[in-house]
**Student:** 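For reference, the structure I am asking about is given below.
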Amino acid sequence: MQTLKISLVQGATRWHDAPANRDYYGALVRQAKGSDLIVLPETFLSGFSNDTRASAETMDGEGVAWLRALAIEVGAVVCGSLAIREDGIVYNRLLWVRPDGSFAQYDKRHLFRMAGEHTRYGGGSERLVVELKGWRILPQVCYDLRFPVWLRNRRLASAGGGMDYDLAIFVANWPAPRRQPWRTLLRARAIENLSYVAGVNRVGVDGNELPYAGDSAVIDPVGEPLVELGAQEQVVTVMLDPAPLLAHRERFPAWMDADAFSLDPD
């Protein structure tokens, strides 16, 4: 594992205006050029909306093509989620776009029923673990943060019995009235999984008049913040050192005593 340079892009997403968001977030991402990984919020081209007919694109659409071109331009992995229509179903899909334009994808597993997301979006059934500079990274979307069983850092049978990820990333549109759970759960997920956690939220007010407080952060494996953002537009870069993570796992191997279980994604 090498030192990982990660940038958090905390912006005020324009409501249902993909062209404006491409211009806006493109400019912010370019500020982070030189990073290894640049993280955008959830549904950064539309805002978090159940009006999927208006906001959803296809994998052949402008949004995905633009994101791939942007990753190539800045020479970094760029990730965030978009509303994607595929085979008649709309998914809240996180794209992990590499500097060569190739990508991996993760469909949000847990759909936020309090806003009716479960009635208009399809849910994913598989976790995604990607690698970057020797780090194993678990990208997730917003409401997934509340479900520790889904997020359990599992012991690998191979690789000397290590763990299956070193960094969990959460891209979000998490409203300000629930900011305390957001801040608390980021810390809890880091502590219980002996991993770094990065959470990127949006700011501003959306088309449903919901305010967002940002509170994007990078949390270390003992629950201490390496950086915490405020409620304004910000692009912040953090260097993640693997040495403290590996040392903590060595001296406090709580993962060895974790309960074994199997997960039924249905």
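Residue numbers run from 1 in the order of the sequence given.
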**Student:** Decide yes or no for Arg189 and Pro148: does some side-chain heavy atom of the first lie under 4.5 Å from some side-chain heavy atom of the second?
**Tutor:**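 Side-chain contact under 4.5 Å: yes.
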
**Student:** Using a cut-off of 6.0 Å, state whether more than 12 heavy atoms not belonging to Gln232 lie near its atom CD.
**Tutor:**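 Count over threshold, so yes.
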
**Student:** I'd like a table of donor-acceptor pairs (distance under 3.5 Å, sequence neighbours excluded) in which one partner is a side-chain atom from residues 33-42, with atom names and distances.
**Tutor:**
unit_1	atom_1	unit_2	atom_2	d
Ser35	OG	Ser7	OG	2.5
Ser35	OG	Ala32	O	3.1
Asp36	OD2	Lys5	N	2.7
Asp36	OD2	Lys133	NZ	3.4
Glu42	OE1	Asn173	N	2.9
Glu42	OE2	Asn92	ND2	2.7
Glu42	OE2	Lys108	NZ	3.1

**Student:** Would you say Asp144's side chain and His110's backbone share a donor-acceptor pair under 3.5 angstrom?
**Tutor:**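 A pair under 3.5 Å: yes.
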
**Student:** For residues Trp96 and Pro139, report the shortest heavy-atom separation together with the two atoms involved.
**Tutor:**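 Heavy atoms only, the tightest pair is CE3-CG, 4.2 Å.
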
**Student:** According to the salt bridge (charged side-chain N to carboxylate O under 4.0 Å, His left out) rule, which pairs have a member within residues 69-91, sequence neighbours left out?
**Tutor:**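 Checked against salt bridge (charged side-chain N to carboxylate O under 4.0 Å, His left out) - neighbours excluded - the pairs reaching residues 69-91 are Arg30-Glu73, Glu86-Arg93.
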
**Student:** When you measure from the side chain of Asn21 to the backbone of Leu45, do you find a donor-acceptor pair of N or O atoms at a distance under 3.5 Å?
**Tutor:**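 A pair under 3.5 Å: yes.
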
**Student:** Can you find a pair of side-chain heavy atoms, one from Cys79 and one from Tyr106, that are under 4.5 Å apart?
**Tutor:**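 The answer is no, as the side chains (C-beta and beyond) never meet within the 4.5 Å cut-off.
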
**Student:** Treating Ile, Leu, Val, Met, Phe, Trp and Tyr as nodes and any side-chain heavy-atom pair under 4.5 angstrom as an edge, say whether Ile6 and Val78 lie in one connected cluster.
**Tutor:**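 Cluster IDs for Ile6 and Val78 differ.
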
**Student:** Closest heavy-atom contact between Ser49 and Trp15?
**Tutor:**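 Looking at all heavy atoms of both residues, the shortest contact is CB-CH2, 3.8 Å.
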
**Student:** Got Pro175 and Phe48 here, is their nearest side-chain heavy-atom distance under 4.5 Å?
**Tutor:**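 Answer no - side chains too far apart.
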
**Student:** Return all side-chain donor-acceptor pairs below 3.5 angstrom for residues 215-231, not counting sequence neighbours, or 'none' if the list is empty.
**Tutor:**
unit_1	atom_1	unit_2	atom_2	d
Asp215	OD1	Arg179	NH2	2.8
Asp215	OD2	Arg179	NE	2.8
Asp215	OD2	Arg179	NH2	3.4
Ser216	OG	Gln10	OE1	2.7
Ser216	OG	Asn201	N	2.8
Ser216	OG	Asn201	O	3.4
Asp220	OD1	Val222	N	3.0
Asp220	OD1	Gly223	N	3.1
Asp220	OD1	Glu224	N	2.9
Glu228	OE2	Arg183	NH2	3.4
Glu228	OE2	Arg187	NH2	2.4

**Student:** Is the shortest side-chain heavy-atom distance between Glu209 and Val205 below 4.5 Å?
**Tutor:**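 With C-beta onward as the side chain, the pair touches.
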
**Student:** For the pair Tyr165 (side chain) and Asn193 (backbone), establish whether a donor and an acceptor sit closer than 3.5 Å, ignoring hydrogens and angles.
**Tutor:**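 Such a contact is absent between Tyr165 side chain and Asn193 backbone.
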
**Student:** Transitively linked via ILVMFWY side-chain contacts under 4.5 Å: Phe103 with Ile169?
**Tutor:**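 Different hydrophobic clusters.
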
**Student:** Return the CZ to OG1 distance between Arg202 and Thr43, rounded to the nearest 0.5 Å.
**Tutor:**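 OG1 of Thr43 is found 8.0 Å from CZ of Arg202.
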
**Student:** Sub-3.5 Å donor-acceptor pair from the side chain of Asp166 to the main-chain atoms of Trp135, do we have one?
**Tutor:**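 It does not hold such a pair.
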
**Student:** Looking at Glu117 and Arg120, does any basic side-chain N land under 4.0 Å from a carboxylate oxygen?
**Tutor:**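 No, this pair does not count.
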
**Student:** Can you see which heavy atom on Ser195 is nearest to which on Leu245, and at what distance?
**Tutor:**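 Scanning both residues, the minimum pair turns out to be CA-CD1, 3.9 Å.
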
**Student:** On the ring face of Phe147, is Arg109 found with NZ or CZ under 6.0 Å from the centre and within 45° of the axis?
**Tutor:**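 No, cation not above the ring by the 6.0 Å, 45° rule.
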
**Student:** Look up atom CG in Asp206 and atom NE2 in His16, then write down how far apart they are to the nearest 0.5 Å.
**Tutor:**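 One gets 9.0 Å once the value is rounded to the nearest 0.5 Å.
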
**Student:** Output the distance between atom CD (Gln140) and atom CG (Leu145), rounded to the nearest 0.5 Å.
**Tutor:**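 Here the interatomic distance stands at 9.0 Å.
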
**Student:** Check whether any side-chain heavy atom of Val77 sits under 4.5 Å from a side-chain heavy atom of Val130, and report yes or no.
**Tutor:**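 No - every pair of side-chain heavy atoms lies 4.5 Å or more apart.
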
**Student:** How far does CZ of Phe170 sit from OG of Ser81, to the nearest 0.5 angstrom?
**Tutor:**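 So the CZ of Phe170 and the OG of Ser81 are separated by 13.5 Å.
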
**Student:** Taking the side chain as everything from C-beta on, heavy atoms only, tell me whether Arg146 gets closer than 4.5 Å to Pro181.
**Tutor:**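 Arg146 vs Pro181: side chains touch.
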
**Student:** Please check if the side chain of Arg249 supplies one atom and the backbone of Leu194 the other of a donor-acceptor pair under 3.5 Å.
**Tutor:**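 Yes.
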
**Student:** Provide the closest heavy-atom pair for Ala83 versus Tyr121 in the form atom of the first, atom of the second, distance.
**Tutor:**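 Of all heavy-atom pairs spanning Ala83 and Tyr121, the closest is CB-OH, 4.0 Å.
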
**Student:** Using only heavy-atom distances, determine whether the side chains of Tyr25 and Thr13 contain a donor-acceptor pair under 3.5 Å.
**Tutor:**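 There is such a pair (donor and acceptor under 3.5 Å, judged by atom type) between the side chains of Tyr25 and Thr13.
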
**Student:** Decide yes or no for Met114 and Arg178: does some side-chain heavy atom of the first lie under 4.5 Å from some side-chain heavy atom of the second?
**Tutor:**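 Heavy-atom side-chain distance check fails, nothing below 4.5 Å.
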
**Student:** Let me check something: do Val235 and Leu4 share a hydrophobic cluster, defined by ILVMFWY side-chain heavy atoms less than 4.5 Å apart, either directly or through other members?
**Tutor:**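 No: no chain of side-chain contacts under 4.5 Å links Val235 to Leu4.
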
**Student:** Could you check whether any side-chain heavy atom of Asp23 comes within less than 4.5 Å of a side-chain heavy atom of Arg14, counting everything from C-beta outward?
**Tutor:**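 No, their side chains stay 4.5 Å or more apart.
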
**Student:** Quick one: OH on Tyr91 to CG on Leu111, what's the gap to the nearest 0.5 Å?
**Tutor:**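 Between Tyr91 OH and Leu111 CG, I get 10.5 Å after rounding to 0.5 Å.
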
**Student:** Does any donor atom in the side chain of Ser102 or Asp100 lie under 3.5 Å from an acceptor atom in the other side chain?
**Tutor:**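 Present: a donor and an acceptor within the cut-off.
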
**Student:** Quick check for you: to the nearest 0.5 Å, what is the distance between Leu132 atom CG and Leu167 atom CG?
**Tutor:**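 Between Leu132 CG and Leu167 CG, I get 9.5 Å after rounding to 0.5 Å.
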
**Student:** Any donor and acceptor pair, going by atom type alone, linking the side chain of Asn208 with main-chain N or O of Leu210 inside 3.5 Å?
**Tutor:**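 Not at all, since once roles are kept as given, no pair shorter than 3.5 Å links the two residues.
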
**Student:** Start with the C-alpha distance between Val238 and Tyr196, add both sets of side-chain angles, then the distance that settles side-chain contact (heavy atoms from CB on, under 4.5 Å), and finish with yes or no.
**Tutor:** CA-CA 12 Å; Val238 179; Tyr196 285 101; over 6 Å; no

**Student:** In terms of hydrophobic clustering (I, L, V, M, F, W, Y; side-chain heavy atoms under 4.5 Å; direct or indirect links), are Val171 and Leu185 co-clustered?
**Tutor:**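 Same cluster.
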
**Student:** Check Pro211 against Pro177 and note the closest heavy-atom contact, atom names and distance.
**Tutor:**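 Looking at all heavy atoms of both residues, the closest pair is O-CD, 4.1 Å.
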
**Student:** In terms of hydrophobic clustering (I, L, V, M, F, W, Y; side-chain heavy atoms under 4.5 Å; direct or indirect links), are Leu186 and Trp150 co-clustered?
**Tutor:**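 Yes, one cluster joins them.
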
**Student:** Might you point out which heavy atoms bring Arg98 and Ala104 nearest each other, and give the distance in Å?
**Tutor:**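 Arg98 and Ala104 have their closest heavy atoms at NH2-CB, 3.8 Å.
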
**Student:** Run the side-chain contact (heavy atoms from CB on, under 4.5 Å) test on Met59 and Leu95 for me, step by step, so that the C-alpha distance in whole Å, both residues' side-chain angles and the decisive distance to 0.1 Å come before the verdict.
**Tutor:** CA-CA 10 Å; Met59 292 299 289; Leu95 294 180; 3.9 Å; yes

**Student:** Evaluate the ring planes of Tyr143 and Phe112, with Trp represented by its six-membered ring, and classify them as parallel (under 30°), tilted (30 to 60°) or perpendicular (over 60°).
**Tutor:**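 Judged by the thresholds at 30° and 60°, the geometry between Tyr143 and Phe112 is perpendicular.
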
**Student:** If we ignore hydrogens and angles and just use 3.5 Å, is the side chain of Asn153 paired with the main-chain N or O of Asp164 as donor and acceptor?
**Tutor:**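 Here the side-chain-to-backbone pair exists.
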
